[in-house]
Amino acid sequence: MGDELHFKSAGELSDLLSSGSVSSVEIVQSLVERVGSVDDRVKAFNSFDAEDALAQAQASDDRRAKGESLGELDGIPVGLKDNLAVKDQPLTCSSKILESFVSPYDGTCIQKLKANGAVLWGRLNMDEFAMGSSTENSGTHTTSNPWDLERIPGGSSGGSAAAVGACETPISLGSDTGGSIRQPASHCGVVGLKPTYGRVSRYGLAAFASSLDQIGPIARNIDDAALLLNAISGYDPHDSTSYNIDVPDFRKAAADDSDRKWTIGLPKEYLEESSDSAAIKPVLDAIEFYKSQGFEFKDISLPHTEYAVATYYIIATAEASSNLARYDGIRYTKRADDFDGKDSIDVYHQSRALGFGEEVKRRVILGTYVLSSGYYDAYYLKAQKCRTLIRSDFENAFESVDAIMTPTSPTPATLKGAHAEDPLAMYLSDIYTIPANLAGIPGLSIPCGYVDGLPVGLQILGKPFKEDEILRVGRVFEAAHGYKDEHPEL
Ligand code: GLN
């Protein structure tokens, strides 16, 4: 059984641990072997410390032997995007500028995972500072899609999604600023959930665009995503934007199959946009399935959708230019060895020139520009107004529907290098995911089929703090289809 453990979901592993049929050490050993046999091709990890993971697993087994288990997650490995602060572990954001940085503290999600006994399992690759949709902007390497190694896994949480898809970890955490959990989940055939802004503390998440960033779970099924969301949710005094609201038991809520009449909105702007999209067929089939289950569908309009991508790239770059100002060659990171700086300004220039990749530089320049005094009103202020309009589109829509369904991404995973010469084409690939971040609402992507052997995701958007409802809606589809048990051949 040992060599099959890596295929099991977190929920299954949790049951096996409670019944005493398996130990956490055996689970971690099976993942170490799995990573050893597939990660030279998938390349999901930036680094991992097998010895440390085994020590955490042993500690979990010891607790359990004494009858002191910390709960459902105790002994379960959780992969971490490399922008989450874990005390005494590297935190690189896949950037050269943080190459040698070691975190001095645990972020709130990490503290919560530790309090639940989870085994922190490796640092997963991402686009540098979470800027991108493919992991090609990583300062270390590009991760491969486990379903086709020539293709991107999506991004920016590409490592987190590929590791789950390739069964190198049962569950992982990613972060989503404009789609970075949902889009790679869709490309890798797994479940990804961006919680409502404020549901999960951002303390200890290296900031990209603070008003949009959210940490969330990536998993092979909805139950596992709910299990991980249970552990990380909740108010945190360290994050003034975290929201003091009850946290339901998402696992229980997702499993609730009592009768309920659901009305789902289909936004015409998204469907018009996607009518000739390569990923649309499985999404339309999924909608037909929901109809057959008695779900009512209603055509809705989100009229400001066309401004979402432009609005996002103004707000996100403005915030990024400010957030990334701290990486100055003095704090966080070493200076270049051949440093010959004349003065402190020169230190900043040289360190940033060497440490940041192309895309990060592009965004810092763009962000500084839209915030500069002559252009602030024309760009930044205008974008904030558009953001309000986009948010009210959703508020209006949710007056008559319980949830909204759309494709997650316009295409299945593209070949590596497809957008190399054209960053704008890459930006447009986030068209369906970005509005949820601007509005702060939760969004779930679940596998709903394949196009030419590549997984495609269905996106379900919900009302603020109604993650339980979208998980429940997603579960109806998942329960009737076998996608959660399908793994790529590696
Ligand atoms: N792809 C989007 C971007 O490049 C979203 C990234 C994210 O959600 N972190 O900004």
Side-chain angles (χ1 to χ4, degrees), residues 80-84 93-95 124-139 142-143 152-161 172-188 192-195 197 200 202 205-218 308-321 323-324 356-367 370 383 387 408-411 413-414 418-420 422-445 457 459:
L80 303 173
K81 187 172 179 177
D82 205 357
N83 58 357
L84 295 163
C93 293
S94 292
S95 179
L124 295 160
N125 193 26
M126 54 188 277
D127 289 292
E128 185 178 5
F129 286 105
M131 298 176 187
S133 313
S134 67
T135 79
E136 291 168 300
N137 295 337
S138 165
T142 298
T143 296
I152 58 158
S156 64
S157 314
S160 300
S172 66
L173 287 180
S175 67
D176 190 312
T177 305
S180 280
I181 289 177
R182 290 159 287 158
Q183 184 258 21
S186 156
H187 283 4
C188 293
L193 173 68
K194 180 198 91 72
Y197 185 76
V200 176
R202 291 178 296 110
L205 166 68
F208 160 17
S210 315
S211 77
L212 301 158
D213 299 339
Q214 263 303 276
I215 302 170
I218 297 181
V309 173
T311 301
Y312 169 86
Y313 276 96
I314 291 172
I315 293 175
T317 55
E319 294 185 19
S321 70
N323 277 326
L324 271 57
F356 286 146
E358 292 253 303
E359 182 63 23
V360 172
K361 286 180 187 158
R362 184 179 298 125
R363 295 197 189 197
V364 168
I365 292 168
L366 188 59
V370 299
R387 181 175 188 172
T408 305
S409 171
T411 60
T414 49
H419 296 311
D422 186 1
L424 269 186
M426 180 87 91
Y427 294 176
L428 288 172
S429 70
D430 302 322
I431 189 151
Y432 304 131
T433 48
I434 276 175
N437 299 74
L438 291 169
I441 59 173
L444 174 71
S445 178
Q459 178 173 239

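All residue numbers in this chain count up from 1 along the given sequence. Each ligand, and each atom within it, is numbered from 1 in the order the structure gives. The structure displayed is predicted, hence computed values, not measured ones.
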Test side chain to side chain donor-acceptor pair (under 3.5 Å) applied to Glu319 - qualifying residues, sequence neighbours left out:
Ser211

Measure the shortest side-chain to side-chain distance between Pro153 and Cys188 over non-hydrogen atoms and say whether it is less than 4.5 angstrom.
yes

Taking side chain to side chain donor-acceptor pair (under 3.5 Å) as the test, write out the residues that go with Asp127, two or more places apart.
none

Tell me the residues surrounding ligand 1, counting only those with a heavy atom closer than 4.0 angstrom, sorted by chain and number.
Ala130, Met131, Gly132, Ser133, Ser156, Asp176, Thr177, Gly178, Gly179, Ser180, Phe208, Tyr312, Tyr313, Arg363, Asp430

Pairwise salt bridge (charged side-chain N to carboxylate O under 4.0 Å, His left out) hits with a residue in residues 172-181, at least two apart
Asp176-Arg182

Report the residue from Glu359, His419, Met426 that forms a side chain to side chain contact (heavy atoms under 4.5 Å, CB included) with Glu136.
Met426

Restricting to non-hydrogen atoms, name the atom on Ser172 and the atom on Leu124 that form the minimum distance, rounded to 0.1 Å.
CB-CD1, 4.0 Å

